[in-house]
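Below is one structure, written out as structure tokens; comments come after it.
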Protein chains: 2
Amino acid sequence: MTAWRGGRCYGAGVSASQPVRGTRVRGTRQAEALASALECLAGFRSAQDIHAELRRRGERIGLTTVYRHLMVLSEDGAVDTIRDEDGETLYRRCETSEHHHHVTCRSCGRSVEVEGRAVELWADRVAAEAGFVDVDHTVEIFGLCPACAAK
Amino acid sequence: MTAWRGGRCYGAGVSASQPVRGTRVRGTRQAEALASALECLAGFRSAQDIHAELRRRGERIGLTTVYRHLMVLSEDGAVDTIRDEDGETLYRRCETSEHHHHVTCRSCGRSVEVEGRAVELWADRVAAEAGFVDVDHTVEIFGLCPACAAK
DNA sequence: CCGATAGTGAAAACCGTTTTCATGCTTTCC
DNA sequence: GGAAAGCATGAAAACGGTTTTCACTATCGG
């Protein structure tokens with residue numbers, strides 16, 4: 001469970017949010033609802049948070065379905081995923097399809113995408129120096145956003 | 001469960017490995033055994049791997065105790081921890097007490113410590129630009145080590 | 001020795017996630 | 001329009017790593 005759960009973001013409708021990128025996520029009421037929730041939620045949220053939010057909105061949708069859709073969406077690159085400090089997976093609608101990293105608020109979940117050409121290069125370089133191949137990296141930055149820091 | 005479990009590293013003894021840094025981990029047979037196992041195991045291992053290894057060596061030690069000691073050791077900075085792609089926590093005896101990162105083999109767990117002045121600076125900079133404070137970061141690189149890549 | 005104190009570990013609880021499987025909803029074809 | 005086929009759904013159960021519980025044991029100072 002994340003710390004910042006609970007929230008507003010009602011008045012959902014935001015007009016029939018159309019399918020997120022050409023994925024198979026479409027058609028069903030549940031997929032629509034999930035897409036709309038992702039549209040509306042600003043930061044990284046756990047699957048359970050998102051499910052709770054949907055239920056709060058009155059949607060009839062099962063936790064299983066939320067997990068299933070998030071999995072597909074993330075495989076398709078339509079949502080980003082990160083792991084919080086407890087190992088829980090957090091999801092967020094992806095803004096750009098390019099490789100990038102995040103500065104995420106550990107209190108409210110709000111996050112900013114940052115370009116990381118520099119880290120990419122660094123990671124590739126040090127891995128190559130160590131003789132490693134097929135290299136992959138995870139880079140996440142957590143902190144307190146200006147709003148939360150103000151408290 | 002990690003992929004590279006099971007291994008040699010018997011003939012353990014390595015002479016009574018002395019207590020790792022001035023922690024409260026000492027005295028008991030189990031703590032000694034764990035310290036010695038960590039000394040001997042090269043790469044990052046899951047708590048369960050380490051426990052299995054100890055049992056294989058004939059040590060009488062419970063999984064709970066392994067977890068407990070690893071927790072303390074990691075709080076004291078005597079072991080490093082990272083999360084693998086499945087969210088499982090992996091442990092390794094720490095080589096330097098300075099902040100550093102790893103290039104870890106996703107097949108055998110072997111890892112190389114790398115200096116990351118560049119990333120530190122980058123992380124601090126982008127976080128500051130976004131107005132975040134109390135910043136923390138995780139940077140892990142996974143790949144195939146030369147030996148595993150050769151197969 | 002002895003008693004206080006800290007450590008141990010089997011079993012149960014936890015908790016996020018995945019699987020199962022019976023049921024529903026769509027789509028397709030006639 | 002309707003029946004069959006196929007995919008989506010979700011409650012409940014399984015899963016797997018980790019933590020908690022609690023009765024028991026080892027250790028250490030005196």
Side-chain angles (χ1 to χ4, degrees), chain A residues 1-5 19-20 23-37 44-76 79 81-92 109, chain B residues 1-5 16 19-20 22-37 44-76 79 81-92 109:
Chain A
M1 296 285 164
T2 53
W4 56 79
R5 64 143 51 141
V20 186
T23 72
R24 61 203 118 146
V25 174
R26 74 197 119 81
T28 69
R29 171 175 49 78
Q30 290 90 337
E32 286 289 322
L34 178 54
S36 142
F44 277 97
R45 298 296 158 99
S46 70
Q48 315 223 31
D49 273 355
I50 294 168
H51 177 242
E53 172 63 24
L54 286 166
R55 280 290 174 85
R56 224 175 285 126
R57 289 189 188 184
E59 294 290 344
R60 287 178 295 99
I61 183 171
L63 181 54
T64 311
T65 301
V66 171
Y67 272 111
R68 246 184 317 236
H69 276 129
L70 288 173
M71 204 168 298
V72 171
L73 288 168
S74 97
E75 272 165 15
D76 291 353
V79 303
T81 67
I82 60 177
R83 298 252 180 188
D84 70 8
E85 280 125 340
D86 302 330
E88 207 175 359
T89 305
L90 308 182
Y91 304 83
R92 184 202 189 191
Chain B
M1 295 282 166
T2 52
W4 59 77
R5 63 140 51 140
V20 186
T23 72
R24 60 204 117 141
V25 174
R26 75 196 118 79
T28 70
R29 172 176 46 81
Q30 290 89 338
E32 286 288 323
L34 178 54
S36 143
F44 277 97
R45 299 296 158 98
S46 70
Q48 315 225 31
D49 273 356
I50 294 168
H51 177 241
E53 171 63 23
L54 285 165
R55 281 290 174 85
R56 224 174 285 127
R57 289 188 187 186
E59 294 291 344
R60 288 178 295 100
I61 184 172
L63 181 54
T64 311
T65 301
V66 171
Y67 271 112
R68 244 180 323 232
H69 276 128
L70 288 173
M71 205 169 295
V72 171
L73 287 168
S74 97
E75 272 165 14
D76 291 353
V79 303
T81 67
I82 61 177
R83 297 255 181 186
D84 70 10
E85 281 126 339
D86 302 330
E88 205 175 2
T89 306
L90 308 182
Y91 304 84
R92 184 201 190 192

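Computation of the quantities below employed the complete heavy-atom set of this structure, encompassing side-chain atoms and omitting hydrogens, waters and symmetry-equivalent molecules. Just so we're clear, the structure is a prediction, and the values are computed from it rather than from any experiment. Order of the sequence lines fixes the chain letters, A, B, ..., with proteins taken first and strands second; residue numbering starts at 1 for each chain.
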[X] [atom1] to [N] [atom2]: how many Å, rounded?
| X | N | atom1 | atom2 | result |
| --- | --- | --- | --- | --- |
| A:Arg60 | C:dG24 | CZ | P | 13 Å |
| A:Glu32 | D:dT9 | CD | C1' | 16 Å |
| B:Ile61 | C:dG7 | CD1 | P | 14 Å |
| B:Glu88 | D:dC15 | CD | P | 17 Å |
| B:Met71 | D:dG17 | CE | P | 15 Å |
| A:Ile50 | D:dG10 | CD1 | C1' | 18 Å |
| A:Ile82 | C:dG16 | CD1 | P | 16 Å |
| A:Leu70 | C:dT17 | CG | C1' | 12 Å |

At less than 4.0 Å, is any side-chain N or O atom of [X] found next to OP1 or OP2 of [N]? Yes or no.
| X | N | value |
| --- | --- | --- |
| A:His69 | D:dT9 | yes |
| B:Thr89 | D:dT18 | yes |
| B:Tyr67 | D:dT18 | yes |
| A:Gln30 | D:dG10 | yes |
| A:His51 | D:dG10 | no |

Exercise. Would you kindly check whether a donor in the side chain of B:Thr28 faces an acceptor in the base of C:dA6, or vice versa, at under 3.5 angstrom?
Key: no
Practice problem: Kindly indicate whether the side chain of B:Thr64 and the base of C:dA10 share any N or O donor-acceptor pair separated by less than 3.5 Å? | Solution: yes
Quiz prompt | Residues B:Arg29 and B:Glu32 bridged, charged N to O under 4.0 Å | solution = no
Quiz item: Looking for any heavy atom pair under 4.0 Å, which part of the strands does B:Arg68 touch: base, sugar-phosphate only, or nothing?
Solution: base
Beyond-backbone contact of [X] with [Y], side-chain heavy atoms, under 4.5 angstrom:
| X | Y | value |
| --- | --- | --- |
| A:Tyr67 | A:Gln48 | yes |
| A:Leu73 | A:Leu34 | yes |
| A:Ile50 | A:Glu53 | no |

Quiz item: Mapping B:Arg29 and B:Tyr91 onto DNA chain D by nearest heavy atom, which one lands closer to the 5' end?
Solution: B:Tyr91
Of the nucleotides [options], which has the atom closest to the [X] side chain?
| X | options | result |
| --- | --- | --- |
| B:Gln48 | C:dT18, C:dT17, D:dT18 | D:dT18 |
| A:Thr65 | D:dA11, D:dT9, C:dT17 | D:dT9 |
| B:Leu63 | D:dG10, D:dT18, C:dG9 | D:dT18 |
| A:Arg55 | C:dT18, D:dA11, C:dT17 | D:dA11 |

Quiz item: Which atom names give the shortest non-hydrogen contact between B:Ala33 and B:Glu59, and what distance separates them?
Solution: CB-CD, 3.5 Å
Quiz item: With respect to B:Met71, which candidate in B:Arg68, B:Glu75, B:His69 satisfies the side chain to side chain contact (heavy atoms under 4.5 Å, CB included) definition?
Solution: B:Glu75
